[in-house]
Amino acid sequence: SDVLRIMETREKKEDQIDSEPMMPYGVGRNEKENASIQDLTFPANLYLIGTINVDESTYHFSRKVLDRANVIEMNEVFLDWPLVEEAVPPLDPVPHAFLLNPYVRLIDVPQSERHGMQPVIRLLTEINEILSIADMPFGYRIRDEILFYLINRHDIRELISHQEAIDLQIVQKILPRITGATASIQQVILGLINLFRPEKVGVFSEESTYMQIQQSLGDPRRKGYPYARSLQKLLKMYRRYEEEGFTSYWG
């Protein structure tokens, strides 16, 4: 929590991004050791990346952590026999400038970079209204980070479309917040499915079963729906809710 708090203090000063000291009181055994780390800040070229296994023996992340992270699932398994053992080629050098977010606050984004963001804000508002049914709306931090993600996508627009980027951000930053066993959780999941469904598919109600919804939608990714990943994840969560009376993003 101390690291997360320090991350929130980062601000741009001229051409540098700086933060409050990470360990202002030091952790050394003497004054000399403390003096060497008391001015240590959270530098702009430090990125926190971690992996976890999620099972019945682990605790889920708190919303405080999820608000400040992108959750990337790596749970697809391909069991085909490897006919040829191929060496993994090294990554081309990726400069820090490519990874660096040039903006710390949303107000820092110039007008020229804000083009096309208003429809996204309207979508996030709709999503938040649905999440409010279960008292789990997100705040400004998630909004800002999603918009930063979309703005920074411009540099790799040939690799990922604007629509796909929105879909990824919904899966990585919004859906992990949904967990519970109440009727309102079912309403939230159904509300999001209805929001993301293609117009040609009818509206689902609380009487709609997982099988009925799945048959109406088909395989979202094979169908090429705009929010295919989000729909696919929501279908899994709805099935678990129907079978167990509880659901979450994990598992």
Side-chain angles (χ1 to χ4, degrees), residues 54 60-61 63 66-67 69-78 116-117 119-138 142-143 145-147 149-150 153 157 159-251:
V54 178
H60 293 166
F61 285 118
R63 291 184 188 174
L66 293 175
D67 283 355
N70 277 53
V71 177
I72 302 175
E73 287 188 296
M74 295 181 287
N75 54 10
E76 293 187 10
V77 179
F78 302 95
M117 291 299 110
V120 179
I121 292 175
R122 287 197 294 268
L123 174 64
L124 294 178
T125 301
E126 290 185 82
I127 293 173
N128 227 14
E129 289 174 353
I130 295 172
L131 292 174
S132 295
I133 296 172
D135 296 324
M136 53 176 59
F138 55 85
I142 287 182
R143 178 206 61 183
E145 292 191 2
I146 289 177
L147 294 181
Y149 184 96
L150 297 175
R153 179 205 65 89
R157 58 172 59 89
L159 300 178
I160 179 174
S161 69
H162 179 72
Q163 183 61 61
E164 186 178 9
I166 296 173
D167 190 23
L168 285 169
Q169 282 298 278
I170 293 170
V171 172
Q172 295 176 8
K173 292 203 68 68
I174 296 177
L175 299 191
R177 301 169 58 81
I178 302 174
T179 182
T182 63
S184 60
I185 292 296
Q186 179 193 24
Q187 294 173 15
V188 165
I189 297 173
L190 275 175
L192 293 175
I193 290 175
N194 281 323
L195 179 62
F196 301 144
R197 65 178 172 76
E199 292 183 0
K200 63 183 179 181
V201 177
V203 176
F204 303 109
S205 69
E206 293 180 24
E207 285 72 38
S208 301
T209 65
Y210 162 76
M211 191 60 67
Q212 291 171 336
I213 298 174
Q214 196 278 326
Q215 288 176 349
S216 296
L217 290 173
D219 186 326
R221 296 187 70 171
R222 287 189 178 183
K223 294 280 189 178
Y225 295 152
Y227 301 102
R229 288 180 174 85
S230 300
L231 280 170
Q232 192 172 51
K233 189 65 178 179
L234 287 163
L235 281 171
K236 290 182 180 180
M237 295 170 69
Y238 192 77
R239 181 183 64 187
R240 185 178 179 188
Y241 181 88
E242 189 176 88
E243 293 175 351
E244 303 177 19
F246 171 86
T247 195
S248 74
Y249 176 90
W250 314 98

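Position 1 is the first residue of the sequence; numbering continues from there.
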Query raised in the report: CE of Met117 to CG of Leu123: how many Å apart, nearest 0.5 Å?
Result: 11.5 Å
Requested in this report: Mind running side-chain contact (heavy atoms from CB on, under 4.5 Å) on Gln186 and Tyr238 for me, showing each step along the way?
Outcome: CA-CA 7 Å; Gln186 179 193 24; Tyr238 192 77; 3.3 Å; yes
Query raised in the report: Do the non-hydrogen side-chain atoms of Ser208 and Ile193 ever get within less than 4.5 Å of each other?
Result: no
Requested in this report: Return the minimal non-hydrogen interatomic distance between Tyr241 and Gly180, and the atom names on each side.
Outcome: CD1-O, 4.4 Å
Query raised in the report: Looking only at heavy atoms, what is the nearest atom pair of Arg240 and Ser248, with distance?
Result: NH1-OG, 3.2 Å
Report task. Determine whether Asp67 and Arg177 make a side-chain contact, defined as any pair of heavy atoms from C-beta on separated by less than 4.5 Å. Result -> yes
Query raised in the report: Taking Tyr249 as the fixed residue, which of Ile178, Val171, Thr179 is the one that meets the side chain to side chain contact (heavy atoms under 4.5 Å, CB included) rule?
Result: Val171
**Report entry** Point-to-point distance, once rounded to the nearest 0.5 Å, from CG of Asp167 to NZ of Lys233
**Finding:** 13.0 Å
Requested in this report: Locate the shortest heavy-atom distance separating Glu73 from Asn75; write the atom from each residue and the value.
Outcome: OE2-ND2, 3.4 Å
Report task. To the nearest 0.5 angstrom, please state how far the OG atom of Ser230 sits from the CD atom of Gln172. Result -> 10.0 Å
Query raised in the report: Do you know the tightest heavy-atom contact between Ser184 and Ile133?
Result: CB-O, 3.7 Å
Query raised in the report: Are any of the side-chain heavy atoms of Phe196 and Ile127 separated by less than 4.5 Å?
Result: yes
Query raised in the report: Do Leu217 and Pro198 have side chains that get closer than 4.5 Å, going by heavy atoms?
Result: yes
Report summary line: One should read off an interatomic distance between Tyr210 OH and Lys236 NZ, to the nearest 0.5 angstrom, of 9.0 Å
Query raised in the report: From Lys173 NZ over to Arg143 CZ, what is the distance, rounded to the nearest 0.5 angstrom?
Result: 13.5 Å
Requested in this report: Identify the two heavy atoms, one from Glu242 and one from Thr209, that lie closest to each other, and give their separation to 0.1 Å.
Outcome: OE2-CA, 3.2 Å
Report summary line: The reported gap from CG in Leu190 to CG in Leu195 (rounded to nearest 0.5 angstrom) is 12.5 Å
Query - Donor on one side chain, acceptor on other, Gln163 and Ser161, under 3.5 Å - result: no
Report task. Let me see the working for Ile174 and Leu192 under side-chain contact (heavy atoms from CB on, under 4.5 Å), right down to the final yes or no. Result -> CA-CA 11 Å; Ile174 296 177; Leu192 293 175; 5.7 Å; no
Query raised in the report: Considering only heavy atoms from C-beta outward, does the side chain of Thr182 approach that of Ile185 to under 4.5 Å?
Result: yes
**Report entry** Beyond-backbone contact of Val71 with Leu175, side-chain heavy atoms, under 4.5 angstrom
**Finding:** no
Query raised in the report: Do Arg63 and Met136 come within less than 4.5 Å of each other through their side chains, counting heavy atoms only?
Result: yes
Query raised in the report: Is there a donor-acceptor pair under 3.5 Å between the side chain of Asn194 and the backbone N or O of Phe204?
Result: yes
Requested in this report: Under the side-chain contact (heavy atoms from CB on, under 4.5 Å) rule, what do Ile160 and Leu168 come out as? Steps first, then yes or no, please.
Outcome: CA-CA 10 Å; Ile160 179 174; Leu168 285 169; 3.4 Å; yes
Report task. Could you tell me whether the side chain of Ile142 reaches within less than 4.5 Å of the side chain of Leu66, counting heavy atoms only? Result -> no
Report summary line: Scanning both residues in full, the closest heavy-atom pair of Glu145 with Gln169 reads O-OE1, 4.0 Å
Requested in this report: Begin with the C-alpha distance, continue with both residues' side-chain angles, and end with the deciding distance and a verdict on side-chain contact (heavy atoms from CB on, under 4.5 Å) for Asp219 and Gln232.
Outcome: CA-CA 8 Å; Asp219 186 326; Gln232 192 172 51; 4.0 Å; yes
